[in-house]
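From a predicted model like this one, the values you see are computed outputs, not experimental measurements. Both ligands and their constituent atoms are indexed starting at 1 by order of listing.
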Amino acid sequence: MRHWIAAWFTLALIVCGPLQARAQQAPLGGWVFEPTDKFPQFTKMVVQRQGGQLSGVITSQWYGDLPMLTLRVDHDRLIFTISNGNPRLTPHDLTAQIVGTHLVLTGHLWDDDINATAHPATPSELAVLSFPTYPLPPPRAVPDNGLARTPPMGWNSWNKFGQEIDDKTVRQIADALVTTGLRDAGYVYVNIDDGWQGARDAHGVLQPNAKFPDMKALADYVHARGLKLGIYSSPGPKSCAGLPGTYGHVEQDARTWAAWGIDYLKYDLCSGEAFYHTSETVQAVYQQMGEALQATGRPILYSLCEYGRFDVGSWGRRVGGNLWRTTGDISDDYTRMSEIGFMQFNLAPYAAPGHWNDPDMLEVGNGGMTHDEYITHMSLWVILAAPLLAGNDLSKMTDDTKSILMNKEAIAVDQDKLGKQGYRVSAAGATEIWEKPLNDGSKAVGLFNRGESASSVTLDLKSVGFGSGAKLHDIWAGKDVMASGGSYSVTVPMHGAVLLKVSK
Ligand code: GLA
């Protein structure tokens, strides 16, 4: 009997011993996460202690290999943070702990709860999951592609439709651009944003998803209407919506788009921020796509979207960019729109024919702002020589929306061939005066009221380089107005704007 007890005891030690020991230890070594679609799709984690120094790397399908930062052991738990290169990511603790035979990782990343399970890894499992890195080109100046002599105009799917975009909607929008007269007013690009990407085939060729059965046919449809088709991608493994980016397929994807007949690419950093988080690497990866687009031989307008990091205006044109986002995302509310718009006051030196600052797409007509707020939006954007990419459902536009998007004189300010971006002349309390020099020697002048009630704004003509004999035309009112004694006073509604054309 005693022998039996001793034998059972020994067996229990053999079977449970390592687990028992492991359960009391922090989870060092290699771990492989169960396959998951959950952001950020962790695949493996390797933690080691060398010379008393703890270090580790955690790998995800979004961000590749990330060092485990502020790594420490607390009893049987490993606690660490990660940085994906985005300065706005709050570094919350992630906690790894052995539960039974598995490792459980919990915590928080952006707005997502993390709850991932891993098993102890074999070396061959880790090898299979190693994350590839690819070389970047040395700095070179990409030649001007000759496109976008005036700021691009058209439509983009994101602000209204988000990922709910499909072939049918894009065709409806193309039709609406024609029937509403928007195309003839200059809005020619039909840009599909995030949400079209499917999977790569056996040769690595990226396919659209089921919502876009035939991209070439869609491009033909759009072209037949005198319009151009734009597409969206990211230099990282994942787009911002988690769909495949160009990582490892830059030239191949550029060729695919050219073969479809694509005319415009918006290239959005997204998960690429984890791989390219220095000025040099971000420039290199945008240059790589700039060169790849030109190597296709098809004229493809190139839009950089890296949220204005690393003073993008100072190098955007060198990497082949025709426009570059200068901020994070706009939203359909006055606070965010005006914050972005009025923030652009010192970017004028970077804009010129072929190369534009991009304060993000229009929200006019999406319903989140008042008429006066949308007038401010459009007035600011045309003074900024911003790309005019409508972001609303063009098949269901009110007359008010049409009148804002299609005002010929406002569009002419934006599209003026001198290609000078406007800038702030003065700010006093809640009112601001901006000007934009125009090709014929006149100026567009914006009088803005950022305050919470209507306010009288006085323009001293001298402050914008004109004398008392200047001619004034109110663009939104569609009529000439009179200055008196060298100045012009007008009541500007709360959050509203008056847009003048001032000439000799
Ligand atoms: C980022 C961009 C947006 C839009 C979305 C799509 O947030 O800044 O303009 O393209 O990604 O996921």
Side-chain angles (χ1 to χ4, degrees), residues 39-41 61-63 84-89 109-112 152 154-166 169-170 173 189-198 206 208-209 211-212 229-247 253 257 262 264-277 282 285-286 289 301-310 312 316 321-333 336-337 339-341 343-344 356-364 366 368 377 381 386-392:
F39 170 81
Q41 297 181 276
Q61 288 190 40
W62 285 61
Y63 301 131
N84 69 346
N86 189 311
R88 288 188 302 113
L89 179 71
L109 202 55
W110 291 118
D111 294 330
D112 291 70
W155 176 86
N156 174 292
S157 56
W158 186 254
N159 284 355
K160 173 68 186 178
F161 295 96
Q163 282 192 71
E164 306 303 311
I165 185 66
D166 53 26
T169 309
V170 174
I173 295 292
Y189 284 98
V190 183
N191 292 348
I192 307 167
D193 207 278
D194 214 350
W196 65 268
Q197 309 92 316
L206 186 56
N209 59 35
K211 296 183 297 165
F212 290 90
L229 188 63
I231 212 157
Y232 166 98
S233 193
S234 165
K238 302 279 186 183
S239 73
C240 293
L243 298 167
T246 62
Y247 194 73
D253 287 355
W257 300 324
I262 295 295
Y264 183 122
L265 171 69
K266 171 174 169 185
Y267 204 39
D268 193 356
L269 188 58
C270 302
S271 69
E273 66 191 355
F275 302 84
Y276 318 112
H277 46 75
V282 171
V285 81
Y286 276 94
M289 180 55 84
L301 200 148
Y302 186 28
S303 155
L304 319 187
C305 179
E306 49 81 270
Y307 332 118
R309 290 185 193 164
F310 307 115
V312 61
N322 296 110
L323 63 155
W324 42 80
R325 277 271 296 277
T326 54
T327 69
D329 291 12
I330 196 168
S331 52
D332 187 20
D333 59 89
R336 181 64 180 150
M337 179 281 293
E339 175 190 27
I340 286 181
M343 198 198 273
Q344 312 288 312
W356 310 100
N357 293 300
D358 172 11
D360 209 353
M361 304 164 297
L362 296 171
E363 293 282 8
V364 176
N366 277 334
H377 187 9
W381 262 237
L388 297 180
L389 295 170
N392 56 318

Checklist entry - Yes or no on ring pair (Phe, Tyr, Trp, His ring centres under 6.0 Å) for Y232 and W196, after CA distance, side-chain angles and deciding distance? => result CA-CA 8 Å; Y232 166 98; W196 65 268; 8.5 Å; no

Item to check | Worked verdict on S271 versus Y247 for side-chain hydrogen bond (donor to acceptor under 3.5 Å, both in side chains) | outcome: CA-CA 10 Å; S271 69; Y247 194 73; over 6 Å; no

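At least one heavy atom of R325 sits closer than 4.0 Å to an atom of ligand 1.
Every residue two or more places apart in sequence or in another chain that forms a disulfide bond (SG atoms under 2.5 Å apart) with C270 is listed here: C240. In this structure, the salt bridge (Lys or Arg N to Asp or Glu O under 4.0 Å) partners of D329, at least two apart in sequence or on a different chain, are R325.
In summary, the atoms of ligand 1 found under 4.0 Å from a heavy atom of C240, numbered by their order in the structure, are 1 (C), 11 (O), 12 (O).
Residue W158 places no N or O, backbone or side chain, under 3.5 Å from any N or O of ligand 1.
Residues R309 and E273 are paired through a salt bridge, judged by an N-O separation under 4.0 Å between the basic side chain and the carboxylate.
Atom 3 (C) of ligand 1 has D329 OD2, 3.4 Å as its closest protein atom, hydrogens excluded (heavy atom only). Of the protein's non-hydrogen atoms, D268 OD2, 3.0 Å is the one closest to atom 1 (C) of ligand 1. Scanning all protein heavy atoms for the shortest distance to atom 12 (O) of ligand 1 gives D194 OD2, 2.8 Å. The protein non-hydrogen atom at the shortest distance from atom 10 (O) of ligand 1 is D193 OD1, 2.6 Å. Shortest contact from atom 9 (O) of ligand 1 to any protein heavy atom: K266 NZ, 2.8 Å.
Annotation: side chain of N322 is not in contact with side chain of P152 (no heavy-atom distance under 4.5 Å). Looking only at side-chain heavy atoms (C-beta outward), L389 and W155 stay at 4.5 Å or farther from each other.
For C305, every heavy-atom contact with ligand 1 shorter than 4.0 Å involves the side chain, none the backbone.
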